[in-house]
Amino acid sequence: MKHVEYVHTFGMEAEELDELLRTGSVGVLALADDGDAYAVPVAYDYDGESLVVRLGASPDSEKMAHLESTDTATLVVHDEGTPSWSVLARGSLRERDDFDDRRVNRQFSALRVFDEEIDEVDAAVYELEMSEVTGRRTD
């Protein structure tokens, strides 16, 4: 393909990565079960130290099944504006039990429910224990 347009990207410093994670609230969480990948949009909150994601958990949740088998998850946050950028935070997930309904409602947007009975869905909060954070941006 000789006439494809390209844009140069640049790596970001830790301060810029931190700021972009702090200002965002939605990303895509990528999970895996052996060779089977699963990615889902999620609400997240980052306070500069802890990155937590809010998930809807139901009894037959494919997402929760993948979460249990995932050793290293990746959260992707991005913006296609000018400049465009993307941040990838990778690490293990651990459930947090210190979030009650009030705290969940205060820190996250409303939980979106798809094709499920609301009384069967519980909000679950997991911390992404970030072992690696990388990002790219355009000028």
Side-chain angles (χ1 to χ4, degrees):
M1 293 188 205
K2 294 182 180 186
H3 303 289
V4 173
E5 294 184 27
Y6 295 91
V7 175
H8 288 280
T9 61
F10 305 90
M12 291 187 265
E13 298 295 326
E15 297 80 23
E16 188 174 9
L17 295 167
D18 188 73
E19 179 63 25
L20 291 169
L21 286 174
R22 282 178 190 262
T23 58
S25 64
V26 177
V28 175
L29 183 65
L31 307 168
D33 182 2
D34 196 21
D36 187 24
Y38 188 84
V40 60
V42 297
Y44 80 90
D45 184 71
Y46 178 64
D47 64 7
E49 294 181 23
S50 175
L51 190 151
V52 290
V53 297
R54 195 259 346 265
L55 306 173
S58 61
D60 299 329
S61 171
E62 184 176 3
K63 167 180 50 211
M64 298 309 285
H66 275 81
L67 186 139
E68 291 175 11
S69 64
T70 298
D71 292 327
T72 303
T74 302
L75 179 72
V76 179
V77 181
H78 68 93
D79 187 353
E80 295 182 27
T82 305
S84 62
W85 56 267
S86 61
V87 175
L88 282 71
R90 298 185 47 149
S92 59
L93 290 164
R94 71 173 179 91
E95 189 167 12
R96 294 277 299 264
D97 59 6
D98 56 334
F99 280 75
D100 60 14
D101 291 348
R102 281 185 165 167
R103 186 172 178 191
V104 168
N105 289 335
R106 187 174 59 247
Q107 285 188 239
F108 300 99
S109 59
L111 181 58
R112 295 177 180 216
V113 178
F114 303 100
D115 198 27
E116 298 163 305
E117 295 295 326
I118 290 175
D119 59 351
E120 293 182 11
V121 178
D122 290 320
V125 177
Y126 283 79
E127 181 172 357
L128 179 64
E129 297 176 324
M130 298 183 294
S131 58
E132 178 182 359
V133 180
T134 59
R136 309 281 301 166
R137 65 172 172 76
T138 61
D139 267 348

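The figures that follow rest on heavy atoms only: side chains count, while hydrogens, waters and symmetry mates do not.
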Of all the heavy-atom pairs spanning Ala39 and Val28, show the shortest one and how long it is.
CB-CG1, 3.8 Å
Which residues pass the side-chain contact (heavy atoms from CB on, under 4.5 Å) test with Asp100, not counting sequence neighbours?
Arg102, Arg103
Going by the side-chain hydrogen bond (donor to acceptor under 3.5 Å, both in side chains) test, which pairs reach into residues 85-94, not counting sequence neighbours?
Ser92-Glu129, Arg94-Glu127, Arg94-Glu129
Indicate the atoms forming the closest heavy-atom contact of Glu95 with Ala124, along with that distance.
OE2-CB, 4.3 Å
Those residues at least two apart in sequence (or on a different chain) that pass side-chain hydrogen bond (donor to acceptor under 3.5 Å, both in side chains) with Tyr46 are Asp18
Identify the heavy atoms of Leu128 and Ala89 that sit nearest to each other, and give their distance.
CD2-O, 3.5 Å
Can you name the nearest heavy-atom pair linking Ala32 to Ser69, along with the distance?
O-OG, 3.2 Å
Can Leu21 be reached from Leu88 by stepping across I, L, V, M, F, W or Y side chains whose heavy atoms are under 4.5 Å apart?
no
Given a cutoff of under 4.5 Å between side-chain heavy atoms of I, L, V, M, F, W and Y, with clusters grown through shared members, what are the other residues clustered with Tyr6?
Met1, Val4
Given 3.5 Å as the limit, does a donor-acceptor pair link the side chain of Ser61 with the main chain of Met64, or not?
yes
Verify the cluster assignment for Val42 and Val76: are they in a single hydrophobic cluster under the rule of side-chain heavy atoms below 4.5 Å apart?
no
When every non-hydrogen atom of Ser131 is compared with those of Gly91, the smallest separation belongs to OG-CA, 3.7 Å
Fellow cluster residues of Phe99, listed by chain then number, with links counted only when side-chain atoms sit under 4.5 Å apart:
Val52, Val104, Phe108, Val125
side-chain contact (heavy atoms from CB on, under 4.5 Å) partners of Asp71, counting only residues at least two apart:
none
By the salt bridge (Lys or Arg N to Asp or Glu O under 4.0 Å) test, which pairs, at least two apart or in different chains, include something from residues 38-56?
none
Taking every non-hydrogen atom, the tightest pair across Val26 and Val77
O-CG1, 4.1 Å
Pairing residues for Thr138 by the side-chain hydrogen bond (donor to acceptor under 3.5 Å, both in side chains) criterion, not counting sequence neighbours
Ser84
Residue pairs involving residues 31-42 (criterion salt bridge (Lys or Arg N to Asp or Glu O under 4.0 Å); sequence neighbours excluded)
none
Taking only residues at least two apart or on different chains, which pairs with a member in residues 19-45 satisfy ring-ring contact (aromatic ring centres under 6.0 Å, His included)?
Tyr38-His66
Is Lys63 reaching over with its side chain to a backbone N or O of Leu31, donor-acceptor style, under 3.5 angstrom?
no
Interatomic distance, CG@Asp79 vs CG@Leu20, rounded to 0.5 Å, equals 8.5 Å
Name the atoms and distances for all side-chain donor-acceptor pairs under 3.5 Å in residues 8-16, with sequence neighbours left out.
{"residue": "Thr9", "atom": "OG1", "partner": "Arg136", "partner atom": "NE", "Å": "3.1"}
{"residue": "Thr9", "atom": "OG1", "partner": "Arg136", "partner atom": "NH2", "Å": "2.9"}
{"residue": "Glu16", "atom": "OE1", "partner": "Arg137", "partner atom": "NE", "Å": "3.4"}
{"residue": "Glu16", "atom": "OE2", "partner": "Arg137", "partner atom": "NE", "Å": "3.4"}

Derivation of the side-chain contact (heavy atoms from CB on, under 4.5 Å) call for Leu51 and Val133:
CA-CA 11 Å; Leu51 190 151; Val133 180; over 6 Å; no
